[in-house]
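What follows is a short report on a single structure.
Residue numbers start from 1 in every chain, and the chains themselves are labelled A, B, ... in the order their sequence lines are given, proteins ahead of strands.
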2 protein chains.
Amino acid sequence: MQDISALLQNSALKITPQRLTILSIIRKYGHIAIDELYEQIRSVYPTISLATVYKNINALQDANIIAQIHPQMQKPKFELKKQQHGHFICKVCQSVYDFKLQNICSPNLDIIDDIEEKEVYLYGVCKKCKGE
Amino acid sequence: MQDISALLQNSALKITPQRLTILSIIRKYGHIAIDELYEQIRSVYPTISLATVYKNINALQDANIIAQIHPQMQKPKFELKKQQHGHFICKVCQSVYDFKLQNICSPNLDIIDDIEEKEVYLYGVCKKCKGE
DNA sequence: GTCCATGCAAACGATTTGCATGCGT
DNA sequence: ACGCATGCAAATCGTTTGCATGGAC
């Protein structure tokens, strides 16, 4: 379990209770959309402004502490930044699961010089939903 | 080269000059954002409304004639729907190249029952930009 | 004490909607 | 002739900005 304060300490960002709460909610949920995040944080800080949430997710992205994913048919979601991985999205329950990215296709496209980053989304039905 | 009228004939959508033009522009550019599409179609139909362009891309997506891609750091772009493929995005010139998706990683994640769709974006610098 | 963060309201941009008219079938 | 498509304007939604106050360092 990563230490959330340390993430902020190693950045230029100040440690505020709002930021700590935002990060702990993201960690708890794994992947969360902005409106769910806002809803969750309001149960802790009822007076927090949506603008503050937006400013913080932008600052945290710039500081490379969180990352944004864009699954098809879903609102963008945020996650704590970690090593490269892919996402499996269940079409039924909409859950997002991380998985290790290994030997992704090496496309033989002569325009490609070299590949620096990979972004992979797989879509299907998870076992939990299939089993019902 | 696919026949654009046929795409519309096989759908419930009416064949209008605006739709044909939208589709031919998408085909010509391969991948195009909505504002570029609007700009291009205005050079043919100067009176077309942006609302019409939006209504049409929504209708064409629902009819499975076009698809939307979401490369990181770029506006969403549209392409004609075709068999499954990945996208390589040049970080310098922002160009999008299609490539054939073959033996993508089989993640050993026990929550996955089976995979129905794959969405892959690779990011790097294309040879054209590297060579300069 | 300084500077950044917060919270509110207003502004903004992108997309959608309602409605009257036009066009494809 | 009917019903969907178009084009305009207005409405809406998500996100950003400006600014005064508060809090972290």
**Message:** From C-beta outward on N58(A), which listed nucleotide comes closest to its side chain: dA5(C), dG7(D), dT16(D)?
**Reply:** dT16(D)
**Asked** Between dT6(C) atom C1' and L20(A) atom CG, what is the distance in whole Å?
**Response** 15 Å
**Item:** Length of the CG-P vector between N56(A) and dG23(D), whole Å
**Value:** 16 Å
**Message:** Rounded to whole Å, how long is the line connecting atom CG of L50(A) with atom P of dA9(C)?
**Reply:** 13 Å
**Message:** Using a heavy-atom cut-off of 4.0 Å across all strands, would you classify P17(B) as base, sugar-phosphate, or nothing?
**Reply:** sugar-phosphate
**Spacing of Q9(B) atom CD relative to dC4(D) atom C1', expressed in whole Å** = 17 Å
**Request:** Take A51(B) and R19(B), find for each the nucleotide of DNA chain D with the closest heavy atom, and name the residue whose nucleotide sits nearer the 5' end.
**Result:** R19(B)
**Request:** Just compare dG7(D), dG7(C), dA24(D) and give me whichever is closest to any side-chain atom of T52(A).
**Result:** dG7(C)
**Asked** Expressed in angstrom and rounded to an integer, what is the separation of I48(B) atom CD1 from dC8(D) atom P?
**Response** 10 Å
**Asked** Want to settle it: does T16(B) or I57(B) sit nearer the 5' end of DNA chain C, counting the closest nucleotide to each?
**Response** I57(B)
**Prompt:** What about K75(B): does its side chain form a donor-acceptor pair under 3.5 Å with the base of dG13(C)?
**Reply:** no
**Prompt:** Expressed in angstrom and rounded to an integer, what is the separation of Y45(A) atom OH from dG22(D) atom P?
**Reply:** 17 Å
**Item:** Side-chain heavy atoms of I57(B) within contact of F78(B), under 4.5 Å
**Value:** yes
**Asked** Any idea which of dT6(C), dT6(D), dG7(D) is nearest the T47(B) side chain?
**Response** dG7(D)
**Rounded interatomic separation in angstrom, taking CG from L60(A) and C1' from dC4(C)** = 14 Å
**Asked** Is there a side-chain polar atom (N or O) of Q18(A) under 4.0 Å from OP1 or OP2 of dG23(D)?
**Response** no
**Complete:** Regarding the side chain of K55(B), the nearest nucleotide among dG7(C), dC19(C), dA5(D) is dC19(C)
**Prompt:** On a plain distance test, is the side chain of K14(A) in donor-acceptor contact with the base of dG22(D) below 3.5 Å?
**Reply:** no
**Message:** Taking the basic N atoms (NZ, or NE/NH1/NH2) and the acidic carboxylate oxygens, is any pair closer than 4.0 Å for D110(B) and K127(A)?
**Reply:** no
**Item:** d(OH, Y38(A); P, dT6(C)) in whole Å
**Value:** 14 Å
**Fill in**
Of the listed dT6(C), dC8(C), dC25(D), the closest approach to the I15(A) side chain comes from dC25(D)
**Asked** How about H31(A) and E36(A): does a side-chain donor come under 3.5 Å of a side-chain acceptor?
**Response** no
**Asked** Do Y123(A) and Q72(A) come close enough that some side-chain heavy atom pair is under 4.5 Å?
**Response** yes
**Message:** Under a 3.5 Å threshold, yes or no: a donor from one side chain and an acceptor from the other, between Y121(A) and E119(A)?
**Reply:** yes
